[in-house]
Trainee: 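The structure's right below; bear with me while I get my questions together.
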Amino acid sequence: MIENKLQQAVAAALKKLYSIEATPESVVLQTTKKEFTGDYTLVVFPYVKQARKSPEMVANELGAAVKEMVTEVCDFNVIKGFLNFSIADNYWVSFVGENRNNAHYGLKTPAADEKPIVVEYSSPNTNKPLHLGHIRNNLLGWSVSELLAANGANVKKVNLVNDRGIHICKSMLAWLRYGNGETPESSGMKGDHLVGKYYVEFDKHYKEEVKQLMSQGMEEDEAKKQAPLMVEAQHMLKRWEEGDKEVRDLWNKMNSWVYAGFDETYNRLGVSFDKVYYESNTYLLGKELVQKGLDMGVLFRKEDGSVWCDLTGDGLDQKLLLRKDGTSVYMTQDLGTALLRTQDFDAKQLIYVVGNEQDYHFKVLKLVLGKLGFDWGEKLYHLSYGMVELPNGKMKSREGTVVDADDLISEMEATAEEMSREHGKNDGMSEQQLKELYHMLALGALKYFILKVDPAKNMLFNPAESIDFNGNTGPFIQYTHARIRSIVRKAEEQGIHDQEPVSVPSLNEKERAVIKCLHDMPGVVASAAENYSPAMVANYAYDLAKSFNSFYQDTPILREEDVAVKTFRVQLCAVVAQAIKNTMHILGIEVPERM
RNA sequence: GGCCCUGUAGCUCAGCUGGAUAGAGCGAGAGUCUUCUAAACUCUAGGUCCUGCGUUCGAGUCGCAGCAGGGUCACCA
């Protein structure tokens, strides 16, 4: 790596010239802005005080010294306190040659023998179908997993299905009351949508009951507790936890409908899991932990029987861990799954891809684990992401203002088909191939749209404007890949083999720009992983594609007459295509050979 | 009210550990197809980086205060 060489040389020069002790890692290099000549820039201001010389003088002396030490440095220039190094073209040329057949360019191979990083994502509730918010979660979870794997981690993807709790009882109860035995088969509805319908149904009738009670003079809070539907749902939860057969049978039946529906959506999104946990199997372990905490005296029971953890010493409140009727809450089961997961995998790290509305929850979870005497609470990392908002605010399942995942994917596919037909470039593809292409482009547009945004930030989705296919988008990058592959295929037909590296005397400006961008990929992937940010990879992929397109526009490749130059450019094309493919793979996006 | 997150062009977003004159896309305007795939390329217009104070050789980036938006503080998940 040329950057490392430069850093070492700068550090050595600092010591020799000014007796300044600096580690190579502490030397900050940046890529030179395009208005200036040079490839890498060192800002010398940090050293002028100790060197006791003017910035220009320091820069010139360092520049001369580094040029002596590093053969790849062919020139340098100084502007104020900025020292710009130029790297010789033959370095860039041989860099392309070295990677001309490297299918793993920019990626590290995962080390299977390392302790795994367990990434939990998706974690759906079984009472509502997936919507756009879940899509962000799934895409982030998948992509972060791929990103860590691309940096050599042994990653396990897990899902925790939220299949029990009061919310499930609500949809079961509503189905019993108002369902008339409706099934996915009888209604033709996807299972998760059918169950979701009854969750909404419950809410509707429940609200009516509350209204009724309030009109009889009851306070709202009281009415919400007293409403017969709510009382019955709570009773059902109790029966469920006691293992009541009738309740369990219904629960199994409705859940199986939901799972079939979820699987379909996961398949369309292209996400999967190494292991699926069910809350119904893990919450008991959580309850055991709570009991243990009581025995240890780190938790306490209130007069009404509910169990709490006192976190006032940590600046937080008291946290409920078991209800007064003994049933468990969200936190209870999360304690259980955390323990189970560290045992199952001997994990190095547990990553939870969960929305930022649960920041507080995870803060508490770590603290409670600590109180229970576990020292691995610090292994938990909450990958917190912002919500997807609509122009008029946040999505609310119960108010029907959600963008349904299945609908959205279908709409994207329809748009992809429409756009492809307009361009009319896909003659000769079979119906099946076309269908696959439309799906690939639809998902490329959707995934890139979601993943290019910094996870921490809320993002806006406007259903009135469909997701773009031009400009800074997934299809733009997919298109660039298809164009490049077309060139490489034609080159092969012409008998231009890319087996041997070729040497060319010099590069034009566009070539150099593309190669430098290409050269950045390993560093970008590494820092994206450190930041758990697929967005950094997405933005890089776009920069690379853009840089290539600009080169493509005004540099002949197959039209070039000099065979060595032509071959070199074809090799460059091949490496760029591979880099695009590899970055997009990290995002979970496939790239077509033609479109 | 306490705590957390966010605030950059008309809109949607980049801007990594502080570094040169703040960048893309969309939208607006003007060009480029006798095609290595125009889903592209080139150019123009567009900015009080929410405000103020501070730290420093240097602040969109760090600190403090304020303003605005969102989240959270549930016997919901």
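In the text below, chain A, chain B and the rest are named by the order of the sequence lines, each starting its count at 1.
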Trainee: Could you tell me the separation between the OH atom of A/Tyr540 and the C1' atom of B/A24, rounded to a whole number of Å?
Mentor: 17 Å

Trainee: Going by side chain to side chain donor-acceptor pair (under 3.5 Å), name the residues that satisfy it together with A/Tyr277, two or more places apart in sequence or in a different chain.
Mentor: A/Asp344

Trainee: Give none if B/U61 has no partner; otherwise give the nucleotide forming a Watson-Crick or G-U wobble pair with it, both distances under 3.5 Å.
Mentor: none

Trainee: A/Ile166 has an atom CD1; how far is it from atom P of B/A77, in whole Å?
Mentor: 8 Å

Trainee: Has A/Phe82 got its ring stacked on the base of B/A20, with centres under 5.5 Å and planes less than 30° apart?
Mentor: yes

Trainee: Among A/Thr41, A/Thr37, A/Asp39, whose side chain to side chain donor-acceptor pair (under 3.5 Å) with A/Thr32 holds?
Mentor: A/Thr41

Trainee: When the distance from NZ of A/Lys80 to P of B/G58 is rounded to whole Å, what number comes out?
Mentor: 13 Å

Trainee: Applying the Watson-Crick and G-U wobble criteria at under 3.5 Å, what pairs with B/C3? Answer none if nothing qualifies.
Mentor: B/G71

Trainee: Go through the steps to decide whether A/Ser86 and A/Phe76 satisfy the test side chain to side chain contact (heavy atoms under 4.5 Å, CB included), and finish with yes or no.
Mentor: CA-CA 6 Å; A/Ser86 294; A/Phe76 71 92; over 6 Å; no

Trainee: Could you state the interatomic distance from CE (A/Met230) to NE2 (A/His235), rounded to the nearest 0.5 Å?
Mentor: 15.5 Å

Trainee: Under a 3.5 Å cutoff, is there a donor and acceptor pairing between the side chains of A/Tyr121 and A/Asn138?
Mentor: no

Trainee: Given atom CD of A/Gln30 and atom P of B/C16, what is their separation to the nearest angstrom?
Mentor: 11 Å

Trainee: Searching all strands shown, indicate the nucleotide that pairs with B/U48 (Watson-Crick or G-U wobble; both distances under 3.5 Å).
Mentor: none

Trainee: Are A/Arg489 and A/Glu593 within salt-bridge range, i.e. N to O under 4.0 Å?
Mentor: yes

Trainee: Using heavy atoms to find the nearest nucleotide of RNA chain B for A/Val28 and A/Gln234 separately, return the residue whose nucleotide is more 5′.
Mentor: A/Val28

Trainee: Write out a two-atom table: protein N or O, nucleotide N or O from nucleotides 33-37 of chain B, distance below 3.5 Å.
Mentor:
residue: B/C36; atom: OP1; partner: A/Arg559; partner atom: NH1; Å: 2.6
residue: B/C36; atom: O3'; partner: A/Lys490; partner atom: NZ; Å: 3.2
residue: B/C36; atom: O2; partner: A/Ile557; partner atom: N; Å: 3.3
residue: B/C36; atom: O2; partner: A/Leu558; partner atom: N; Å: 2.7
residue: B/C36; atom: N3; partner: A/Ile557; partner atom: N; Å: 3.3
residue: B/C36; atom: N4; partner: A/Tyr552; partner atom: O; Å: 2.4
residue: B/C36; atom: N4; partner: A/Thr555; partner atom: O; Å: 2.9
residue: B/U37; atom: OP1; partner: A/Ser486; partner atom: OG; Å: 3.3
residue: B/U37; atom: OP2; partner: A/Ser486; partner atom: OG; Å: 3.3
residue: B/U37; atom: OP2; partner: A/Lys490; partner atom: NZ; Å: 2.7
residue: B/U37; atom: O2'; partner: A/Tyr479; partner atom: OH; Å: 2.3
residue: B/U37; atom: O2; partner: A/Lys425; partner atom: NZ; Å: 2.9
residue: B/U37; atom: O2; partner: A/Met595; partner atom: O; Å: 3.4
residue: B/U37; atom: N3; partner: A/Met595; partner atom: O; Å: 2.8
residue: B/U37; atom: O4; partner: A/Met595; partner atom: N; Å: 3.2

Trainee: Can you tell me the distance, in whole Å, between the CD1 atom of A/Ile477 and the C1' atom of B/A24?
Mentor: 12 Å

Trainee: Within the structure, does a side-chain N or O atom of A/Ser550 lie under 4.0 Å from either OP1 or OP2 of B/U42?
Mentor: yes

Trainee: First locate atom CG of A/Leu322, then atom NZ of A/Lys302, and finally report the distance between them rounded to the nearest 0.5 Å.
Mentor: 13.5 Å

Trainee: For a quick check under 3.5 Å, do A/Asp163 and A/Ser280 share a side-chain donor-acceptor pair by atom type?
Mentor: yes

Trainee: Starting at atom CG of A/Leu544, determine the distance to atom C1' of B/A24, rounded to an integer number of angstrom.
Mentor: 15 Å

Trainee: Going by purine N1 to pyrimidine N3 plus the second Watson-Crick contact, or the G-U wobble pair, all under 3.5 Å, which nucleotide sits opposite B/U42?
Mentor: B/A30

Trainee: Please encode protein proximity along nucleotides 3-13 of chain B as a string of B, S and -, counting only heavy-atom distances under 4.0 Å.
Mentor: SSSSS----SS

Trainee: How many Å lie between CG on A/Leu29 and P on B/U17, as a whole number?
Mentor: 17 Å

Trainee: Stacking between A/Tyr542 and B/A24, defined as ring centres under 5.5 angstrom apart with planes under 30°, is that present or not?
Mentor: no

Trainee: Within this structure, what is the CG-to-P distance between A/Leu320 and B/C73, rounded to whole angstrom?
Mentor: 13 Å

